[in-house]
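Because the structure is a prediction, the values reported are computed rather than measured. Indexing begins at 1, ligand by ligand and atom by atom, following the structure's order.
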Amino acid sequence: MEKDVVILAIETSCDETSAAIVVNGREVLSNIISSQIDIHKKFGGVVPEVASRKHIEAINAVVEEAIDQSGKKLNEIDAVAVTYGPGLVGALLVGLQYAKGLAYSLQKPLIGVNHIEGHISANYIEHKDLKPPFVCLVVSGGHTFIVHVKDHSTYEVIGETRDDAAGEAYDKVARSIGLGYPGGPKIDKLALEGNEEAIKFPRANFHDDSLDFSFSGLKSSVLNYLNKANMTGETINNADVAASFQKAVVDVLTDNVITTCKRYNVDKIAIAGGVASNSALRKTLIKEGEKLNIKVLFPSPILCTDNAAMIGSAAFFQFIKEDFADMDLNAKPNLKLGQK
Ligand code: KG4
Ligand code: ZN
């Protein structure tokens, strides 16, 4: 490619206001993330109305800082990219309106990016040589997917959750044992002190060839265990609960993603989304991958969680195909992977 493609990307789909400047989809010049976690903590989860309001308050400063830190001038930007779904509608609209205004005033193309595609693309930033095909396990607070990434815009969903997302299950179980929000990192840490074999929690098993997931039964089973122990006066070892719950989640995620690789003859797995930071998931997948000569890749934690750099990376592959959006692009809270 002769000329660098500089993209300004904006992400506001949930509770992080983020803006980034990304060059050629792989080089991150800035990635500013303003997290609302401390605000939502009090409520035990994200409150949509509060999220929208906080995005409005933060977005201008976040975008300005991303531009300043990148060393680029506004007139050096080739396109403005923005997440338009899936996510919270009010939160998405804040980023979308801001991006439209900026693209219009700069007279540059607008690129609408799917948030899940963004999570997958975080791996292109971390692993500069990564190219499809590979299998991606997307595990976040809102999503759990196994995706066969065939090329930069062709995705086949091989498995998905039929109820709670993996991160959601982490957050709910964490709350039930008195850990705060978000629960994933806290369970991850506490599990290190517990015995993962102490309690036998169920693994959902579908009776067809499906590689789907279900975490609500596991979550209920943890709640039942805690209620029963409380009623009978049994002592609860929270570290054992955390470790045993985590083992049940990691076992199913690992089994299904390894089966996908075998079924589709793919030798590369990339993990994405907030739960991709999980230490047990990383360790187990690497170990199981080694046995079968499957390479397992992870983005660094800052690129696992919601951030605009991953949106800028996904947008680059749309830019080279001139896959631009019109100014009437709307937020799509239930946008599916591979759809517009
Ligand atoms: O991708 P993300 O930042 O936001 C969504 O798009 O949902 O993911 C957030 C989720 C939360 O549910 C959080 O508890 C979980 O990722 N998470 C973790 C870990 N770090 C974050 N779950 C398990 N282990 C972790 N280390
Ligand atoms: Zn996300």
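Under 4.0 angstrom from ligand 1, the non-hydrogen atoms of His115 all belong to its side chain. Using a 4.0 Å cut-off between heavy atoms, Asn278 contacts ligand 1 through both its backbone and its side chain.
Interface atoms of ligand 1 facing Gly167, defined by a heavy-atom separation under 4.0 Å, are 12 (O). Close approach of ligand 1 to Ser140 is summarised as follows: ligand atoms under 4.0 Å from at least one heavy atom of the residue are 1 (O), 5 (C), 6 (O), 7 (O), 8 (O). Shown in contact with Gly142 at under 4.0 Å from a heavy atom are these atoms of ligand 1, numbered in order with element: 7 (O). Near His119, meaning under 4.0 Å from one of its heavy atoms, ligand 1 places the atoms 1 (O), 6 (O).
Counted by atom type alone, Tyr98 and Asn60 present one or more donor-acceptor pairs between their side chains at under 3.5 Å. Between the side chains of Asp163 and Ser214, at least one donor-acceptor pair of N or O atoms lies under 3.5 Å. Between the side chains of Lys54 and Thr17, not a single donor N or O lies within less than 3.5 Å of an accepting N or O. For the 3.5 Å distance criterion, the side chains of Ser300 and Glu126 qualify, holding a donor opposite an acceptor.
Protein heavy atom closest to atom 26 (N) of ligand 1, with residue, atom name and distance, is Asp188 OD2, 2.9 Å. Of the protein's non-hydrogen atoms, the one nearest atom 18 (C) of ligand 1 is Gly184 CA, 3.5 Å. For atom 7 (O) of ligand 1, the nearest non-hydrogen atom of the protein is Gly141 N, 2.8 Å. For atom 15 (C) of ligand 1, the nearest protein heavy atom (residue, atom name, distance) is Val275 CG2, 3.9 Å. With hydrogens left out, the protein atom closest to atom 11 (C) of ligand 1 is Asp171 OD2, 3.6 Å, a heavy atom. Annotation: atom 3 (O) of ligand 1 to nearest protein heavy atom, Thr305 OG1, 2.9 Å. Looking only at protein heavy atoms, the nearest one to atom 6 (O) of ligand 1 is Asp306 OD1, 3.1 Å.
Note on His143: not counted as a metal contact of the Zn ion (ligand 2), no N/O/S atom lying under 2.8 Å. The nearest N, O or S atom of Cys14 is not closer to the Zn ion (ligand 2) than 2.8 Å.
Distances from atom 8 (O) of ligand 1 to the heavy atoms of Gly274, Ala276, Pro86, Cys14 put Gly274 nearest.
By the 4.0 Å heavy-atom criterion, Gln246 is excluded from the residues contacting ligand 1.
Annotation: angle subtended at the Zn ion (ligand 2) by His119 NE2 and Asp306 OD1 is 90°, to 10°.
Note: Tyr155 and Phe145 fail the aromatic proximity criterion, with ring centroids not under 6.0 Å apart. The distance between the ring centers of Phe317 and Tyr124 falls below 6.0 angstrom. Between Phe215 and Tyr170, the distance from one ring center to the other does not fall under 6.0 angstrom.
Counted within 6.0 Å of NZ on Lys340, heavy atoms from surrounding residues, nucleotides or ligands total more than 12; the atom is thus considered enclosed.
None of Glu160, His115, His119 except one satisfies the side-chain contact (heavy atoms from CB on, under 4.5 Å) rule with Val138; the exception is His119.
Atom CD of Glu11 sits about 7.5 Å away from atom NE2 of His55, to the nearest 0.5 Å.
Here the N, O or S atom of His115 that is nearest to the Zn ion (ligand 2) is NE2.
Looking at every heavy atom in both residues, Ile271 comes nearest to Ala276 through CG2-CB, 3.4 Å.
Taking the ring centre of Phe206 as origin, the terminal cationic atom of Arg162 falls inside the region bounded by 6.0 Å and 45° from the ring axis.
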